Amino acid sequence: MLKALLNLTSRRTFALMEYRPAELDAKWQHYWREKQTFSADFPSDKPKFYVLDMFPYPSGAGLHVGHPLGYIASDIVARFKRHQGFNVLHPMGYDAFGLPAEQYAIQTGQHPERTTEKNIERYREQLDRIGFSFDWSREVRTCRSDYYHWTQWIFIQLFHSWFNEESQKAEPISTLEEQLAAHGTAGVRGSHHGEPLCSASDWAAFGPGEREALLQHYRLAFRSESVVNWCPALGTVLANDEVIDGRSERGGHPVVQKPMLQWSLRISAYAERLLIGLDGLDWSDSIKETQRNWIGRSQGARVRFELPDLPETSLEIFTTRPDTLYGVTFMVVAPEHPFLDALTTQDQKSEVTAYQEMASRRSERERQADTKSISGAFTGSYARHPFSGALIPIWTSDYVLMGYGTGAIMAVPAHDSRDYAFARHFDLPMVEVVGGGDLQVSSHDAKEGQLINSDFLNGLDVKDAIDRAIQEVESRGLGERRIQYRLRDAVFGRQRYWGEPIPVHYRNGIPETLPESELPLILPVVDAYLPTEDGEPPLARAATWESREGLPLETTTMPGWAASSWYFLRYMDPKNDQSFARREALDYWGQVDLYVGGSEHGTGHLLYARFWGQFLFDRGLIPFAEPFQKLVNQGMIQGLSAFVHRVEGSQTYVSAEAADQHACQAIHVDVSLVNEKDELNLDAFRQWMPAYAQAEFDPPQGPIKVRREVEKMSKTKHNVINPDSICELHGADALRLYEMFLGPLEQSKPWDTNGLSGVTGFLRKVSRLMDKRHAGAASKEELKTLHKLIDKIQRDMESLSFNTSVSAMMIAVNEWGAMSHLADQTLADFAVLLSPSAPHLAEELWNQLGHSESIAYAPFPVLDPALLIEDHQQYPVQFNGKTRFMVEVPQGTPAAEVEALVRGHEKTAGYVEDKQIRKVIVVPGRIVNVVIG
RNA sequence: GCCCAGGUGGCGGAAUUGGUAGACGCGCACGACUCAAACUCGUGUUCCCCUGGAGUGCGGGUUCGAUUCCCGCCCUGGGCACCA
């Protein structure tokens, strides 16, 4: 006690308020939790504001300092909006189904639910330490049955819907059934796959199996036999966005193409709406562009080529260049094309079959890696040119993809570089139909030039020729104008355990959705998280896997993106057990006003969530079509990796500056083993891993310097900084401020813990301002500082420029630090300005200034613009654009007087010398420029 | 190859509509306080051939004036890619 007292009095200045961040963090986090400070009101008369973060997958590794960056930004906005009087919805939850927990379950036998819950607990601890103002009473966990009940329910709505291209929206499947009963498929304009065909009398005669088989071609949730991405290592299929460079996004396992009967969602029906909808969204250009690329709209025509050997049918192709129809010298079909067998002549049979086999064995990755080598086989048969009637040889090659267009192309080697390469390789003829190129060198792909060798198209420009050719094709009934999208239907079933069961049972093999009263369909207990011996998914291991009617249930589960496609709706009414969210709550909270998350979800989550949003809107289930009006993608926080240099073939480590004198290997070393001078802790290094226990150093006692490099922050690079340790040492407010101070939110930037001292120093200065408090009126100069800051922070909040608002606060505090007294009211107003970024210290200041309620709902100080006006104006004086000196005049001095002052200024003559003043430009309030010459 | 974003001191970055380039912070240097250390405070810090000159990736242009606008190029990061 005495010691503590001595210690206290020995401090040079006795501060009224000593800054102890650890105490403040604990005190106020406890207070917020007890008082439920941040629970959002519903119903409410206040205007609403919905700030959302992309919810995390709770991984076993926990959070590093990069993860909370976006959460801090959104939390600042949430707190700011509360000060502005908004009723703020700022929730958090967990995207809890996922592959890592299941992989771990396979290895350990532990139920993925247990590891997931454990990870969630750890996440919650880490998040709590940072002082977020989340409304935890609204937390969702997607693996809980009270949540996935509604994921399953939405699936059922998708199943019972079709996309009517006439009305451009989803409708109940019953409206399709009415059309089918009236006139069969003729005149039905619905998004579909394959070639559904029936007449009204067929439909009437159909049994339930035949009807369902037809409806499956139109349902938004459907089963189809299609070529899918199969990942043998994970034992499941994957959607296109989950495959990167031919490998699985999670785990990097090889992916092969394989035809399978699969559940899919018809996102392709929404391609045009998803594309157009982007225009109205306040998202970054780059992420909109990513989605546009992914949707991949291209305009052209479908054209049918007659097949003399197969008179019943014709070969349909898609082309964006119908103007080049007279340049067609061969056709190419994909190796998986359904007509290929029939098209292949006896002579070519062995060659084509061998080629098909070769192509099917190649994985997606191999194909992508090897786009230069050209391969293919001649089928032996011919198609008839629709205009000239000439016979055109049909080839097969894997440069034509079954999944795009019709799986067949008309090859125009003179004007398509891929066709050109193919023709060169197999020595096929070329016909130039657009002038301006040189076939000796390359194909002429550009959409410019005049048509030649093309009968009725001759002399037209490419653009006009395209239109003319389509007209001709349509009028002759050979095809039609067509818009093609790259976006493909999303495979929805996963041969996995840890996901939502698909609420479908089979009656005589016909899929039916479960009655809604049977939801949720609970994930069953299984004895192992592996496929069964005959290759069935893990759910088939359940003792009984049957619906209440005793019918067999679907055994695949939903993919990770199912739950995240609608979670933002559940936060509005998280405990509702009658519907996914009640209508009044949906109407009140509406769209997400600000969504913060990583740009890596551009083609996955953000597209699927928009798709579900459009669908739910079409079916009248939500009052808006686009879920996220404004989106901000936070940048990555990179790690500052450290490398030690080992002399090759030895156990000797040398300092970085000596490394070039030896042949050295650079080895990642954990950044916690390095001090702020970049010196390695030698003992700690020896103990770090057994491999380094015998390490020798040159010089033996050090110092051994490491080399630094900016890299992605990750465990394998040993450069991870944990937010807990920052909070423990410097407090949550310092972490929050520093993450914002580092730079613009959207930008990637390296983390350097050394820089933290800037913001901790700032926080200490803030707490020391309390020594200057007095009850009297505020001075003019302290108010000027205050109102400059109010102005700056208001503008920065709108533009999400949190880095500059932190520096503005630093400037204000530096100014106040030079003043002898500060009014209580000034300090209280400042506390509110500080509160969004550094809430713990702000609460403490507010409390010490005599407020008993939390600062969280204190009104934002009102700007008095009169206080911003200076009574004097500084003008920089330039000569030919170079600033030379300053003049000071009273505010509002007329330009002519300023000019006269500058002309007569003693320094002016020295810069003019023997030249003439040509002109004097006075920009009021800005600058004076004297033009001499 | 096509598309998008970006390039400013030793470092992170600032400059809101074309108007003092380098705010704020780190680091560094010097000084004060201290028995000492930490903390804290103060001063300086774009570069150079320093009464001046150059300078925002490079080369041009528009302008009284360009980090900001226009044209051409280079580099970095991201997206798409036998998509017909």
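All figures in this text were calculated on a predicted structure; none of them were measured in a lab. All chains are named by letter (A, B, ...) in the order of the sequence lines, taking the proteins before the strands, and each is independently numbered beginning at 1.
Between A:Glu815 and A:Lys784, no side-chain nitrogen of the basic residue sits less than 4.0 Å from a carboxylate oxygen of the acidic one, so the salt-bridge criterion is not met. Using a cutoff of 4.0 Å between basic side-chain nitrogens and carboxylate oxygens, A:Glu316 and A:Arg304 are scored as salt-bridged. A salt bridge links A:Arg707 with A:Glu709: the distance from a Lys NZ or Arg NE/NH1/NH2 to an Asp or Glu carboxylate oxygen falls below 4.0 Å. We find that A:Arg321 and A:Asp445 are not joined by a salt bridge, their nearest charged nitrogen and carboxylate oxygen being 4.0 Å or further apart. Checked for salt-bridge contact, A:Lys463 and A:Glu448 miss the test: no charged N lies under 4.0 Å from a carboxylate O.
When the C1' atom of B:rC80 is taken as reference, atom CG of A:Asp241 falls 14 Å away, rounded to whole Å. Taking atom CG on A:Asp419 and atom C1' on B:rC82, their separation rounds to 10 Å, with Å as the unit. With rounding to whole Å, A:Glu870 atom CD is found 16 Å from B:rU20 atom P. Atom-to-atom, CD of A:Gln634 to C1' of B:rG78 comes out at 15 Å; the value is rounded to the nearest Å. We find that CD of A:Gln291 is positioned 17 Å from P of B:rC4, with the value rounded to whole Å. When rounded to the nearest whole Å, the span between CD1 of A:Ile295 and P of B:rC3 equals 19 Å. Atom P of nucleotide B:rG6 and atom CG of A:Leu745 are separated by 15 Å, given to the nearest angstrom. Counting to the nearest Å, the C1' atom of B:rG79 and the NZ atom of A:Lys288 are 16 Å from each other.
A donor-acceptor pair under 3.5 Å is absent between the side-chain atoms of A:Lys717 and the main chain of A:Gly639, judged by distance alone.
Note on A:Ser286: only backbone sugar-phosphate atoms sit closer than 4.0 angstrom, heavy atoms only; bases stay farther off. Using a 4.0 Å heavy-atom cutoff across all strands shown, A:Arg297 reaches no nucleic acid atom at all. Counting any heavy atom pair closer than 4.0 Å across all strands shown, A:Val400 reaches a base atom. As judged by a 4.0 angstrom heavy-atom cut-off over every strand, A:Arg764 is placed among residues touching the sugar-phosphate backbone only. As judged by a 4.0 angstrom heavy-atom cut-off over every strand, A:Met886 is placed among the base-contacting residues. Within 4.0 Å of A:Ser298, counting heavy atoms only, lie sugar-phosphate atoms of the nucleic acid but no base atom. Nucleic acid contact for A:Ser599: none, since no nucleic acid atom lies under 4.0 Å from a heavy atom of the residue.
Checked against B:rA84, B:rC24, B:rG25, the side chain of A:Ile811 finds its nearest nucleotide in B:rC24. Ranking B:rU20, B:rA23, B:rG19 by closeness to the A:Ser807 side chain, first place goes to B:rA23. In this structure, the nucleotide among B:rC80, B:rC24, B:rC82 sitting nearest to the side chain of A:Asn293 is B:rC80. Minimum atom distance to the side chain of A:Ile927 is reached by B:rG19, of the listed B:rC82, B:rG19, B:rG25.
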Given side chain to side chain contact (heavy atoms under 4.5 Å, CB included), test A:Ile287 with A:Leu606 step by step and report yes or no. CA-CA 10 Å; A:Ile287 201 124; A:Leu606 287 169; 4.0 Å; yes

For A:Ser298 and A:Gln484, run side chain to side chain donor-acceptor pair (under 3.5 Å): C-alpha distance rounded to whole Å, both residues' side-chain angles, the deciding distance at 0.1 Å, then the answer. CA-CA 5 Å; A:Ser298 53; A:Gln484 192 71 43; over 6 Å; no

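Relative ring orientation between A:Phe422 and A:Tyr399 is described as tilted, the plane-to-plane angle lying within the 30° to 60° band.
Across B:rC50 and B:rG1, the matching P atoms stand 47 Å from one another, rounded to whole Å. Across B:rA36 and B:rA23, the matching C1' atoms stand 37 Å from one another, rounded to whole Å. When the P atom is used for both B:rG25 and B:rG42, the distance is 10 Å, rounded to whole Å. B:rG9 and B:rG60 are spaced 26 Å apart, taking the C1' atom of each and rounding to whole Å. For the P atoms, the distance from B:rG72 to B:rA54 is 29 Å, rounded to whole Å. Comparing the P positions of B:rC48 and B:rC11 gives a spacing of 14 Å, expressed to the nearest Å. The same atom, P, is picked in B:rU67 and in B:rU17; the two are 16 Å apart, to the nearest Å. Comparing the C1' positions of B:rG22 and B:rU40 gives a spacing of 27 Å, expressed to the nearest Å.
Annotation for A:Ser767 and A:Leu841: closest pair CB-CD1, 4.4 Å, computed over non-hydrogen atoms. For the residue pair A:Ala239 and A:Glu242, the shortest heavy atom distance occurs at N-OE1, 2.7 Å.
Residues A:Ser757 and A:Glu289 each lie close to RNA chain B; by heavy-atom proximity, the contact nearer the 5' end of the strand is made by A:Glu289. RNA chain B is contacted by both A:Gln874 and A:Asp796; A:Asp796 maps to the nucleotide lying nearer its 5′ end (nearest heavy atom per residue).
The salt bridge (charged side-chain N to carboxylate O under 4.0 Å, His left out) check on A:Lys705 picks up nothing, with sequence neighbours excluded. Residues forming a side-chain contact (heavy atoms from CB on, under 4.5 Å) with A:Ala469 (at least two apart in sequence, or on another chain): A:Pro322, A:Leu457.
Between B:rA21 and A:Thr883, a contact under 4.0 Å exists linking OP1 or OP2 to a side-chain N or O. Residue A:Arg482 has no polar side-chain atom (N or O) positioned under 4.0 Å from OP1 or OP2 of B:rA84. Between A:Asn814 and B:rA23, a side-chain N or O to OP1/OP2 separation shorter than 4.0 Å is absent.
Taking the syn range as angles within 90° of 0, the glycosidic angle of B:rC70 is outside it, so the base is anti. Against the 90° criterion about 0, the sugar-base torsion of B:rG9 places it in the syn range.
The ring-ring contact (aromatic ring centres under 6.0 Å, His included) pairs that include a residue from residues 740-768 of chain A are A:Tyr738-A:Trp751, where partners are two or more places apart or lie in different chains.
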For nucleotides 55-65 of chain B, give me every protein contact, N/O to N/O, under 3.5 Å, one pair per line with atom names.
unit_1	atom_1	unit_2	atom_2	d
B:rC64	O2'	A:Asn929	ND2	3.1
B:rC64	O2	A:Asn929	ND2	2.6

Using nucleotides 10-15 of chain B, report all nitrogen or oxygen pairs with the protein that are shorter than 3.5 Å.
unit_1	atom_1	unit_2	atom_2	d
B:rG12	O2'	A:Leu742	O	2.4
B:rG13	OP1	A:Gln747	NE2	2.8
B:rA14	OP1	A:Asn803	ND2	2.9

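For A:His905 and A:Phe885, the ring centers sit closer than 6.0 Å to each other.
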Pairing annotation in dot-bracket form, given for RNA chain B with Watson-Crick or G-U pairs under 3.5 Å and | for cross-strand partners: (((((((..(((......[....)))((((((.......))))))(((...)))..(((((..]....))))))))))))....

